[in-house]
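Just so we're clear, the structure is a prediction, and the values are computed from it rather than from any experiment.
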Amino acid sequence: MLRGRTWSLLLLLLGGLALAYALQNAFGPTKRTVPYSELVTALEDDRVREVWIGAAAVEAKVVPEEGTGSDGDAKTETWSAQRVPGFDPDALIEELETRDVTYSGRPESEPWWLLLFWLIPLALIMLPTLLIGRGLRGGAGGGPGSASPMSFGRNKAKLYDESAQIRVGFDDVAGVDEAKGELTEVVDFLRSPGRYQQLGAQIPRGVLLVGPPGTGKTLLARAVAGEAGTPFFSITASSFVEMFVGVGAARVRDLFKQAKERAPCIVFIDEIDAIGRSRGGLGAMGTNDEREQTLNQLLAELDGFESDSQVVIMAATNRPEMLDAALTRAGRFDRQVVVDRPDVQARHAILKVHAKKIALSDQVDLELVAKRTPGMVGADMARVVNEAALAAARRGSERVEQADFEEAVDRIQLGLKKRNRAMNQTELERIAVHESGHALVAMGSEHADPVHRVSIIPRTIGALGVTLQLPTEDRHLMTRGELADRIAVMMGGRVAEELVFEEVSTGAQNDLERATETARQMVCRFGMSERLGAQTFGKPAGLRFLDTPVSFSEERNFSDHRAREIDLEVSNILQAGVSQAREILQSRRKVLDAMTSTLLEKETLDREDLDALCSNEERADSA
């Protein structure tokens, strides 16, 4: 395609030619075409003042028959007469000399603007050819981003050198203290490689950052470059692969050649599983020859580095189980740094880093926000802070308040509020009873997480109401009692509907699914069945990702008789949860009714409101 400047120059040229032609027609002498006989008559009447004799026509300056102007000067016109057959120029010249008329010869030529009919098509043909040739010359020595045909073999890595001033350091990366500790010696090596070389120590040639999406792997790699003050090459692995065979390998060679020239430096390859997928077994299903050639070249380049090379190769992936074993062996990517999901303290630290960019109120409790976001990663924390700032802007506030963070977390976890959803009063009452049942069972169970808020405002994800529980701390293990109480809380909504309306609705579908799955996990995975004992049933058939099983199916390793016993144990656990929920709700029926009425009135109840309702009912009962 033509670039913007080329189009502008071309349009400017055409416009100039058109303007010149228009000016010539506007201000140039006007010619009057007349028969040759009329020109002869004017000559006989002595009205001809000057004559130009051409090969095809005769032009003359003639005084019209109307006479002269008011100032006495004769006004002339330019006449043009085509030469007639039998025209004798000698006779005309003799007649002009007799009448003392100035004459001269004029060579015939085509108008200059007729050349455009030849030049414009020629320019349209030659211009693309010139541009392609210029692109070929530029591709042979152009930059990494050149898209010309000769530049396919050049890498597309973005280079951040010292002049780019990478402003990201370890202080800007929070919540990954273990990973930063692992990478500190990489930074120290890049700063002072002589100390390591003197001792004969070799820095790990390749560092593989492993972790779920959004945990900050790319940011951590840039922080290493920022701390070390070295050039930083950044590229995604998918940029190596093109439709032409051999391009990926050529780009790998070019990337490592540039890296050696700018050593010490860091080369970061993001999503390396795009080219580093296993060449055998299950991971080989999506490979092709071009990817394998690219991977082979990458392995060869990693082996080609000298022991004293000051080039550190870093890569990131969220699918380490798919990588080829040759890529992760010793001497290549032999150091793996896990960047896992942050715990509550790490989420608090991440929130403080992102909160520096917004106008924060002094009453905001970021620790409470961190507790409300279990399972979220660094990218989610950044989104929470941004959504809170947007919520404050919608309110017209100059500061971001705690309520804005609550709204931001709800918006991300539950979706948007749908206040315009038409619901009749009977449905609202049933939803209020359902959510009140969840809340009361949670408040009456020993091992359940504290209730943070109850709401009957529908959300876009399909939830008609929600009961939010706030864990007091991050836990990696759960006891049998905690799981049993969790099942009882899930059953609390359905049991409350049964007590109040004497029938159940479809609103407990998701609660039943989660409760059934939890009970089956207790029996088949955790060995928490008194009848079946400490054993597991079934074996997941699939891969493992960051210690989490990724199952495509489940291998059955038990008999049909044992399957019946498993189903019976699952049913017993669920029934125990229903009984526990019914016992709590029956004993606190007045609190259930009061909570339902208040929830219908306010739509949302916080922890303080729930505690106040329970205290009022207890005082009323004691009185």
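- A pairwise comparison of heavy atoms in M522 and R480 identifies CE-CG, 4.1 Å as the closest pair.
- The heavy-atom pair separating V451 from M443 by the smallest distance is CG2-CG, 3.9 Å.
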Next item on the list: Show your reasoning for whether salt bridge (charged side-chain N to carboxylate O under 4.0 Å, His left out) applies to E498 and R582.
Entry: CA-CA 9 Å; E498 188 176 358; R582 181 177 287 107; 3.4 Å; yes
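- Using a 4.5 Å heavy-atom cutoff, the side chains of D609 and T598 are not in contact.
- Atom CD of Q425 is surrounded by more than 12 heavy atoms from other residues, nucleotides or ligands within 6.0 Å.
- Classification of E271 and R319 as a salt-bridged pair fails, no side-chain N sitting under 4.0 Å from a carboxylate O.
- More than 12 heavy atoms of other residues, nucleotides or ligands shown are found within 6.0 angstrom of CD on Q521.
- P212 places a side-chain heavy atom less than 4.5 Å from the side chain of R341.
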Next item on the list: Apply salt bridge (charged side-chain N to carboxylate O under 4.0 Å, His left out) to D343 and R347, showing your working.
Entry: CA-CA 6 Å; D343 55 16; R347 293 196 300 273; over 6 Å; no
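- Judged by the 6.0 Å and 45° rule, R430 forms a cation-pi pair with F501.
- The aromatic rings of F558 and F537 lie perpendicular to each other, with more than 60° between the two planes, well past the 30° mark.
- Put simply, the side chain of V344 does not reach to within 4.5 Å of the side chain of T373, judged on heavy atoms.
- Using a cutoff of 4.0 Å between basic side-chain nitrogens and carboxylate oxygens, R277 and E292 are not scored as salt-bridged.
- In summary, E517 and R514 do not engage in a salt bridge, as defined by a charged side-chain N under 4.0 Å from a carboxylate O.
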Next item on the list: Determine, stepwise, if the pair R453 / D410 fulfils salt bridge (charged side-chain N to carboxylate O under 4.0 Å, His left out).
Entry: CA-CA 11 Å; R453 190 184 330 127; D410 289 345; 2.5 Å; yes
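- With respect to R564 and D560, no salt bridge is recorded, no charged nitrogen being found less than 4.0 Å from a carboxylate O.
- With respect to D611 and R607, a salt bridge is recorded, a charged nitrogen being found less than 4.0 Å from a carboxylate O.
- Contact check on D567 versus R520 returns a salt bridge, with a Lys/Arg side-chain nitrogen under 4.0 Å from an Asp/Glu carboxylate oxygen.
- Contact between I275 and L295 at its shortest, heavy atoms only, is O-CB, 3.4 Å.
- The existence of a salt bridge linking D404 and R394 is excluded, since no basic side-chain nitrogen approaches an acidic carboxylate oxygen closer than 4.0 Å.
- In terms of the salt bridge (charged side-chain N to carboxylate O under 4.0 Å, His left out) criterion, residue partners of R332 (sequence neighbours excluded) are, by chain and number, D303.
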